[in-house]
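Taking it in order: structure first as structure tokens, then the write-up.
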Amino acid sequence: MRERLSLRGLVQGVGFRPHVHRLASELGLSGWVRNDANGVTLEAQGSASALQALRTRLLREAPVHARIEACESEALAPTPDSSAFEIRQSEAASSGQAAIGADTCTCPACLAELFEPGNRRYRYAFINCTDCGPRYSIAEALPWDRARTSMAGFALCPDCAAEYEAPAKRRFHAEPNACPVCGPQLHLLDAQGQAVAGDAIAASLALIQRGGIVAIKSLGGFHLACDARNAAAVARLRARKQREEKPFAVMLANVASLATLAEISRAEQADLQSTARPIVLLRKRVGADAQLTGVAPDLAWLGVMLPGTPLHYLLFHDAAGRPPGSAWLDQAQSLALVMTSANVHGEPLISDNTEALAQLADITDAFLIHDRDIVIRCDDSVLRRLPGSDHAQFIRRARGYTPAAIPLTGAGAGTRAGANVLAVGGYYKNTLCFTRSSGTRSEAFLSQHIGDLDRVANCRALEAAVNHLQQLLQVKPQAIAHDLHPDFFSTQLALRLAAQWQVPAIAVQHHHAHIAAVLAEHQLDEPVLGLALDGVGLGSDGSAWGGELLRVDGAHVERLGHLQPIALPGGDRAARDPWRMGAAALAQLGRHAEIRTRFADQSGAALLAQMLERGTPMTTSMGRYFDAAAGLLGIQPQMSFEGQAAMRLEGLAASYGTLQLRSPLHEIENADGLLQLNLAATLNALLDSTLPVAQRAALFHAALIEALAEWAQAAADASGIRTLACAGGCFLNAILASGLRAALARRGLRMLEARLAPSNDGGLALGQAWVAQRALAD
Amino acid sequence: MSHGSGGRAMAQLIHELFVTHFDNDYLRAQNDGACFPLPAGSGRMVMATDSHVVSPLFFPGGDIGCLAVHGTVNDVAMAGGRPLYLSAGFILEEGFPLADLKRIVISMAQAAKEAGVPIITGDTKVVEKGKGDGVFINTTGIGIVPPGIDLAPSKIRAGDAILVSGMLGDHGVAIMSLRENLSFDTAIQSDTAALHDLVATMLAAVPEIRTLRDPTRGGLATVLNEFALAARCGMLIREPVIPIRPAVNAACELLGLDPLYVANEGKLVAICPAERATELLALMRAHPLGADAAIIGEVIEDANHFVQMETAFGGRRMVDWLSGEQLPRIC
Ligand SMILES: [Fe+3]
Ligand SMILES: [Mg+2]
Ligand SMILES: [Zn+2]
Ligand SMILES: [Zn+2]
């Protein structure tokens, strides 16, 4: 008997063909297997029982990183085959369904070889196998084949070629396979780009231990590294990077090394050790700041990651004194490296050697560099677990996760797969998203974090990422979704591409998209309530929305309520100066006269008071209410990075602990048929209380949670809908998210949150794509 | 001021007001149109029209009257033309105070006189109360472009220098401060001025100038984006060398405005071949209306036609083309 099997899903770059080959050979089947545009296709010939066994074991014993979405079989007439089962050349095609894997950290088997003296890859910085190593970041096109990666230029040596061809070996068809003889090489260059003689790893570590800064070429781009325990080195890195207060993440050898620095739950440990190797935000222990002076000042959280590449491991191996074997990997080590993205002020992560040498010369003391090109730059992913939640939340989704597919339900009430669309995201924290469909299935591919589109280079990166991802996915969009804001580069790009491809451009309101992103990943296609707590997004009435209660039904959205509008004096400027929002709050409360006195130390206070008297544009943004609270409490008059005031406020509230609210501090009003949430009593309480600042910060959070829960309840009662999808940047506030989750549960409301995509604007493109699919199906 | 039948006497009054103050033979001839001789010599004629709507009507440094003269004179000048004559059309709202109208007409007359460009024909209509905003003024200008001068944004080439004639943002900030009722320590005055003399000086010495434009509504940012698109090039400007008064910067910061997008009424942007830029700059600086002129950047190759600004902190910021007002975007 002969049978053809077509497998779809994540089956390339995960060792699937070797897996098929091993099974087929073991079962005595003849035939072939190959990667193609749709995934993996194989033909096997042999006895009925052997074919039956192949089908079962193919799925049951699939490689760790594989994810099989579909397996179709077709009976064929037997043909004369050669007796052996073979792996055939990949078939390139113009359109397809194949998926590509994300980059993963070094696997235990490779680590064992890496630290085994005498192994031919002992301390070789580019060791990998079918279970681990670079994937997305080195892929130029699909199908996944060495020739279409940045390993194409490295010809396999006889030893590596033998491994590549030996079905029983772990490196059978491992496309990035390499060794010191034939693979990429590591070099240490000084700040002027001159080669430094000697062992590159040892010299780098020595430099770091002396307080130096080294630019390290990691998987998705360059990092700038220094000794996190050396306050002077950290301060120097801050000064050179002109990054005054933004927190740095640290890399530690293992979880054991964390003990005195941060608290860690079992789930957080799993996040930290996951093969994606994200930065995980952990609660600092008392005394952490004293050990890591200046790393993440004034914040309750410390960003931590573990070594993700052989190169990172080698630095820690050196610091441990190069012990043989793997035992040291679990032993606590004091080396803590600041690992911060190497870029210039909001510009894209640097991923290219020439670019690094040109742009980092004034920042770094040396370059630990190699000759394997990074095709697609990918920032570190950042995630965190909130108390009382059973999932981690993404703050930034990039390396290790992209381009993992997010499965979607069908559109048109689930009757058919949603159309192929492109969504270009928002303005800040931009990402883009393609959907690709076959049969009744549809998947979303959300890109890595691209950055803020106020930078020319990020705009170019967005356009490049559209092209690259389209090339990888081989998909033809039938529509392009974008934000309502006319001035975003993303919007303009969408309009341009739509004209070029002759497909419709679909504008999606910002908060509709936020809520839709949550519905997309939860595969929920029914009317829900949406609670968007966000910074500013352009509303359908042209005003600045951001604290919205919506009813979302696919492509349809209805505004049910909003926060009481508050002045936004100076537009975006007010989003950087919380004291301005504090003044806006005073104006809203009818306490104009206090603006001049309370903000006497701000030179513009008197003029701002004049502006507020005349009236300014208004906003319903929740984020600006957080800024207002921070402004009124005087804890952060000006911000040096986005979200800083809200983070400080949250930190203070956390330091106080749980606060029991005596009575509600809000009112729900009817404003032109909409439920308006009035927080005047909360703001007045902040102003008139003599309680310590931390307690007042806790009061703000407690009052807000109660107010939001009541508000949602009112909408639920009026609409009969009891599912509330929550999204927007404010849900990165742990106290708010956890508190609201509990408060809604007490009211019998179901709360849906973002898990697979960031709750902030990094997830916007997913929601835009979902809405566009539904708009096309209507 | 009244509208309808009772207004006939008023119309006569207004007419006399114009004749008295604009005072020239063409108006005195009492014809519906003005006949004037063809200008001597060769070259091309240029005609430009602009309707002026500004609130408030009177502002530090000027009023709608002189603005209506300067605006159209400048439009003629930006085409490389020497302005010869102006027309003026008034749309008045019923009830508009005659005293205010008189003030505006006197200011217009003075601006026209200083510019040496007479207003030779005009018209007045009165609309019902609530159907206008005090007064709207349309002016049309006719001028002559000397032979050899042919300015167009399509002539811009990568490598060209970008110049501005002085401090940016004064007019818009003066208007905005008044509208917001803000009293700054340093009073900011509108820069409204007629630029044709400066332009004549520039073109006489550097006829290779590619193009000129006055950055009125939408400011420098909008002009550069228009140029970039027309020339299919990119524009790179450098933040530290863009001339902006500290007081204007401070006011913009307070109001949340980007000075690059704020209107000017007495400034021009010039694009010229790089090798003539220094000479042109010196010429501009020697003229009273170009004392603070500066070379602020250059035209670059860019398939995306981006306008970008190298910031004081390093890195390059996008200078977007806004569809309207500056809308908030920080999420
Ligand atoms: Fe948002
Ligand atoms: Mg004009
Ligand atoms: Zn491995
Ligand atoms: Zn080799």
Side-chain angles (χ1 to χ4, degrees), chain A residues 242 343-347 359 426-429 453-460 463 483 485-489 491-492 510 534-538 542 544 546 568-577 580 603-604 606-608 610-611 613-617 619 621 623-624 642 728-729 760-761 764, chain B residues 173 176-186 188 218 221-222 225 228-229 234-237 239 246-247 249-261 300 302-331:
Chain A
Q242 299 180 36
N343 57 356
V344 179
H345 247 281
E347 306 266 317
Q359 295 199 26
Y427 188 71
Y428 288 99
K429 305 179 179 67
L453 300 185
D454 58 350
R455 297 282 149 172
V456 175
N458 292 334
C459 294
R460 295 200 205 281
E463 204 169 344
D483 196 85
H485 203 300
D487 298 333
F488 294 171
F489 171 73
T491 301
Q492 282 156 16
H510 192 93
D534 204 20
V536 159
L538 192 62
L568 191 62
D572 278 345
R573 189 69 213 188
R576 298 194 186 100
D577 294 348
R580 287 178 183 246
S603 60
L607 288 168
L608 197 79
Q610 280 181 40
M611 267 171 75
E613 256 157 59
R614 282 236 356 136
T616 76
T619 182
S621 160
R624 295 302 92 82
E642 189 243 319
N760 59 30
D761 285 7
L764 216 51
Chain B
V173 167
M176 211 83 68
S177 318
L178 196 60
R179 239 185 255 165
E180 294 287 331
N181 199 16
L182 297 178
S183 37
F184 293 103
D185 298 343
T186 328
I188 296 158
T222 303
N225 271 289
L229 192 70
M235 302 272 157
L236 173 62
I237 55 176
E239 191 173 31
N249 254 331
C252 281
E253 208 167 293
L254 184 81
L255 293 161
L257 297 173
D258 182 337
L260 298 186
Y261 293 88
I300 56 174
D302 181 0
N304 274 315
H305 321 318
F306 284 155
V307 176
Q308 39 183 311
M309 181 168 77
E310 219 164 75
T311 68
F313 298 104
R316 289 181 178 188
R317 209 194 86 187
M318 279 288 276
V319 181
D320 297 307
W321 198 339
L322 302 189
S323 51
E325 294 298 296
Q326 296 178 34
L327 296 169
R329 49 178 80 182
I330 293 188
C331 191

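So that the names make sense, note that chain A is the first sequence line, chain B the second, and so on, each numbered from 1. Values below: all heavy atoms of this structure, side chains included; hydrogens, waters and symmetry mates excluded.
- The shortest non-hydrogen separation linking B:V173 to B:A251 is CG1-CB, 3.6 Å.
- In terms of modelled atom types and a separation under 3.5 Å, the side chain of A:D454 and the main chain of A:Y428 share no donor-acceptor contact.
- Of the possible donor and acceptor atoms, none in the side chain of B:D302 sits under 3.5 Å from a partner among the backbone N and O of B:L236.
- Listed options A:T616, A:L568, A:D577, A:D572 were ranked by heavy-atom pairs under 4.5 angstrom with chain B; first place goes to A:D572.
- For the set A:R576, A:H510, A:R455, A:E613, the entry with the most heavy-atom pairs within less than 4.5 Å of chain B is A:R455.
- A donor-acceptor pair is defined here as one N or O able to donate and one able to accept, closer than 3.5 Å; such a pair exists between the side chain of B:E239 and the backbone of B:A312.
- Taking a cutoff of 4.0 Å between a charged side-chain nitrogen and a carboxylate oxygen, A:D761 and B:R329 do not qualify as a salt bridge.
- Under a 3.5 Å cut-off, the side chain of A:T491 and the backbone N or O of A:D487 do not form any donor-acceptor pair.
- Only the side chain of A:E463 comes within less than 4.5 Å of a heavy atom of chain B; its backbone N, CA, C and O stay farther away.
- Heavy atoms of B:D320 lying under 4.5 Å from chain A belong exclusively to its side chain.
- Contact of A:L453 with chain B is made through the backbone alone, with heavy-atom distances under 4.5 Å.
- Side-chain atoms of A:Q610 never come within 3.5 Å of backbone atoms of B:E180 as a donor-acceptor pair (strictly under, hydrogens ignored).
- Residue B:D258: no heavy atom, backbone or side chain, is found under 4.5 Å from chain A.
- Within the 4.5 angstrom heavy-atom criterion, only side-chain atoms of A:Q492, from C-beta onward, approach chain B.
- Counting heavy-atom pairs closer than 4.5 Å to chain A, the top residue among B:N181, B:L182, B:L255, B:L322 is B:L182.
- Chain B forms the most heavy-atom pairs under 4.5 Å with one residue out of A:R580, A:E642, A:R624, and that residue is A:R580.
- Both the backbone and the side chain of A:L607 come within contact range of chain B, judged by heavy atoms closer than 4.5 Å.
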